[in-house]
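Report on the following structure.
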Number of protein chains: 2
Amino acid sequence: MHRAMPSRGAAKESVASRFRRELLQRCSGWRTERYCAKWSDDSYGDTMNISERKRKILKAVVDDYIERGQPVSSKDICSTYLPDVSPATVRNELSALESMGFLSQPHVSSGRIPTQRAFRLYVDDLMELKPLSDTDIQIIDSYFDHKLTSVEEITRSVAQVISELTNYTSVVVKENGADMKIEKIKVLELLGDNALVVIVTSGEVLKDNIITLPKGIDEDGIETANKWLNKMFVGKYMSEFTDVSEPMEQITAEFSGFRDLYAQIVDVIRKIKQHGDKDVYTTGRSKILDYPEYTDVDRAKDFLTKLDRKEDLADMLTDTNDLEFTVKIGQEDDNLPVGCSLVSAKISINDTTLANAGVIGPVRMDYTKVIGVLEHIGTILDNIKADALLIEGDTPKKLKKKKGH
Amino acid sequence: MHRAMPSRGAAKESVASRFRRELLQRCSGWRTERYCAKWSDDSYGDTMNISERKRKILKAVVDDYIERGQPVSSKDICSTYLPDVSPATVRNELSALESMGFLSQPHVSSGRIPTQRAFRLYVDDLMELKPLSDTDIQIIDSYFDHKLTSVEEITRSVAQVISELTNYTSVVVKENGADMKIEKIKVLELLGDNALVVIVTSGEVLKDNIITLPKGIDEDGIETANKWLNKMFVGKYMSEFTDVSEPMEQITAEFSGFRDLYAQIVDVIRKIKQHGDKDVYTTGRSKILDYPEYTDVDRAKDFLTKLDRKEDLADMLTDTNDLEFTVKIGQEDDNLPVGCSLVSAKISINDTTLANAGVIGPVRMDYTKVIGVLEHIGTILDNIKADALLIEGDTPKKLKKKKGH
DNA sequence: GTTAGCAGTCGCACCTCTTGAGTGCTAATT
DNA sequence: AATTAGCACTCAAGAGGTGCGACTGCTAAC
């Protein structure tokens, strides 16, 4: 699952080819069930046997619909995509595609619009991935150019740049709940009997937890406690601390005063792990209103309220098994707003997944562009200088930057 | 500016009376200029000389318009608010009020809608503040019932409860940039040569800043540094550290190795202060779509994009001089979305202002309710047990809670 | 298998007409 | 002098009708 960083020319290839490879995995694994559920109603085999011309026409319909958002007529297809055949021929094919469940007509004398199933096939098979424009690459690069001091900062930047480039709403889920190795732990006395617990892990600094100190402990006591806590926690994984009671005898023997402290910290760890402690960032919520299918207030409302349910968003984005890209179209996920799709990708640095980033937009969103953007961001971050991130890295290798000319 | 916590019965009085008192201040101070700018065009004196009946009718129009959102007819007023006079009489009065600039007609055969000026008078003078319902009080109380561990948590809760109760969008600005007294400072070694700076002030724990340690410093060195940093910073106010160069000779004499460290921390403090480091939380953005005046997509879009400009929101909310309540109506503030008003209040605990909380809703929002909610939240927080907050308090007094029966 | 031609469907923009909820004005009433 | 009934007037909004045009499906010829 490690992303290579080839030269840009080769990278173009890699986008397409990796994506294809993942699609193969997808179709042989659990994902088939998830994604192809609807297809089993009628013949999935058909999909494989569609004539080349039908595929071409279907692709044309989807491309056109993505661009213009309006029913596509047989004439449209002929004039722009297939000038060699007559509209009548195309009409026959369209009619066949409709009975196969790929197209539908809002009313009898209108053009065709692609069904959810058509979009599925399009994303899996038909669409062509194009390289990002130089301007886009420059914009992305400029976001990750300087020293990045925290995963949170990266997360925010990712959300912002995605939304800026794609013109859709972006969602990034920072998952603090991964089972991380504890590198350092420190209790810091605050005012009163409160204290701040700072836990440094292999991927992140967790510093938002507050506990109550044992009565009557003084500065020296805290120092001793810190030494002892380091001995207890450092080098272990967070998952090892599920049960409070276990090492209690040992503690009683050593420093009976720290029982409560220990319990509290285990509790903090458990809370971080269990509750997941996922932070969800969304940017560009209002962008959906740019698209005509959301001029309807009820739809807009549905969109915005669904975006407010952070847990659902987190679920959708993290429910990706171990694919790097995931595309959910329309009703394939109940938590998606009506008429929306989600494209999401993993964001990892040094093989550690830091977050999942995604785009939520209308079903007819520009998948090519969106995947291109996500791919480039993924590649950049995977190659970022690790020590800029409080994460232990092997070779401090400077991020490769490409100027426009 | 300290809020008293009287018994609930008396509290009702206090809401109204304090608000009136502040309005008096408002009208004698700078605020007159700000708020009454529009009035000086035509005769402001008129406002004072409106007959009692005109005031009654104007109030009726605004009340009705707030409730139904539609032009108010003379008949409406008679049937609901002034049954003793005939519609014709009311029509005469309405006509007079219109020529005074308080009312307007969408078209000649429709009822009247209040102008911005009418809302101003309404808020300043006409509306009656009613006590919150018991259910509402209970809901608010339940939000601040348990131990609150950070200002951030409070801020989020405030945003949420406001939006829940009022059904408008809430905005809370947490201002970390206030000139706070430094109570404690600590540098915490992370991985690599990075370190976390934790600054405990009288109101908040600032723990999101990362610096680079001097080369070759070891654990003992950090401990010495921490002792020395405490000596340098503790007890002073953040504003005292504006210039890096000043105490440099002194440092060179004492511990020349800490020059860089000192500079970095001063820089952190300066950044916190200058850049303001205001955190802005918004909740219930989509609620505006519940109101018919925002079924128009362009308006909705305007609303949502204005809400994305965090700095502007922060400016609007903090630009309140030292009033506890501020109401900005329609175009009185350029940064407000079209057709919106803002009601904001200070949130303080123990005379320290922690945040400004506000509601952004349509101009015809239910000011009475909104002010009631903000007032109650303010009172509750002002009386919260301070040490639950990492803030030094005098008497640990338990939050008074009132059951429904 | 492809295509030209034609009949048929239906959304949409445009028009007119009617209705009714308002007003302002005037003259009578208190 | 203030109030009110009555009436003429205005205008938004909805209902119904019409024509246009953008499509399709079908059929018969190529």
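Remember, predicted model here, so these are calculated numbers, not experimental data. Chain letters run A, B, ... following the sequence lines, proteins first, then strands; residues in each count from 1.
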Atom-to-atom span, CG of B:L97 to P of C:dG24 - whole angstrom: 12 Å
Think A:S74 has a side-chain N or O under 4.0 angstrom from the OP1 or OP2 of D:dT24? yes
To the nearest angstrom, the NZ-P distance between A:K54 and C:dG1 comes to 10 Å
Tell me which nucleotide among D:dC23, C:dG22, C:dT3 gets nearest to the side chain of B:S73. C:dG22
In whole angstroms, the gap separating C1' of D:dA1 from CG of B:N92 amounts to 13 Å
Write down the distance between NE2 (A:H107) and C1' (C:dG11), rounded to a whole number of angstrom. 5 Å
Expressed in angstrom and rounded to an integer, what is the separation of B:L103 atom CG from C:dT23 atom P? 11 Å
Any side-chain N or O of B:T89 less than 4.0 Å from the OP1 or OP2 oxygen of D:dT4? yes
It should be established whether B:R91 places a side-chain nitrogen or oxygen under 4.0 Å from OP1 or OP2 of nucleotide D:dA5. no
Tell me the interatomic distance from A:E98, atom CD, to D:dC26, atom P, rounded to whole angstroms. 11 Å
Would the distance check show the side chain of B:T169 and the main-chain N or O of B:G284 forming a donor-acceptor pair, the cut-off being under 3.5 Å? yes
Residue met sooner reading DNA chain C from 5', once A:V85 and B:S95 are mapped to nucleotides: A:V85
What do the steps show when you test B:S286 against A:F303 for side-chain contact (heavy atoms from CB on, under 4.5 Å), and what is the final call? CA-CA 9 Å; B:S286 60; A:F303 181 87; over 6 Å; no
Out of D:dG25, C:dG22, C:dT9, minimum distance to the side chain of A:S109 belongs to C:dT9
Are the side chains of B:R91 and B:S95 in contact, using a 4.5 Å heavy-atom criterion? no
Quick check for you: among D:dT24, C:dA4, C:dG24, whose closest atom lies nearest to any side-chain atom of A:L94? D:dT24
D:dA22 phosphate, OP1 or OP2, under 4.0 Å from A:R112 side-chain N/O: no
Backbone N/O of A:I162 and side chain of A:T166: donor-acceptor pair under 3.5 Å: yes
May I have the distance from A:R53 (atom CZ) to C:dT3 (atom P), rounded to whole angstrom? 8 Å
Minimum-distance nucleotide to B:A88 side chain [options: D:dT10, C:dT3, D:dA5]: D:dA5
Does any part of the side chain of A:M316, heavy atoms only, come nearer than 4.5 Å to the side chain of A:L336, both counted from C-beta? yes
Identify which nucleotide among D:dC23, C:dC10, C:dG22 has an atom closest to any side-chain atom of A:V108, counting heavy atoms from C-beta outward. C:dC10
Over how many whole Å does the gap from B:E93 atom CD to D:dA1 atom P extend? 17 Å
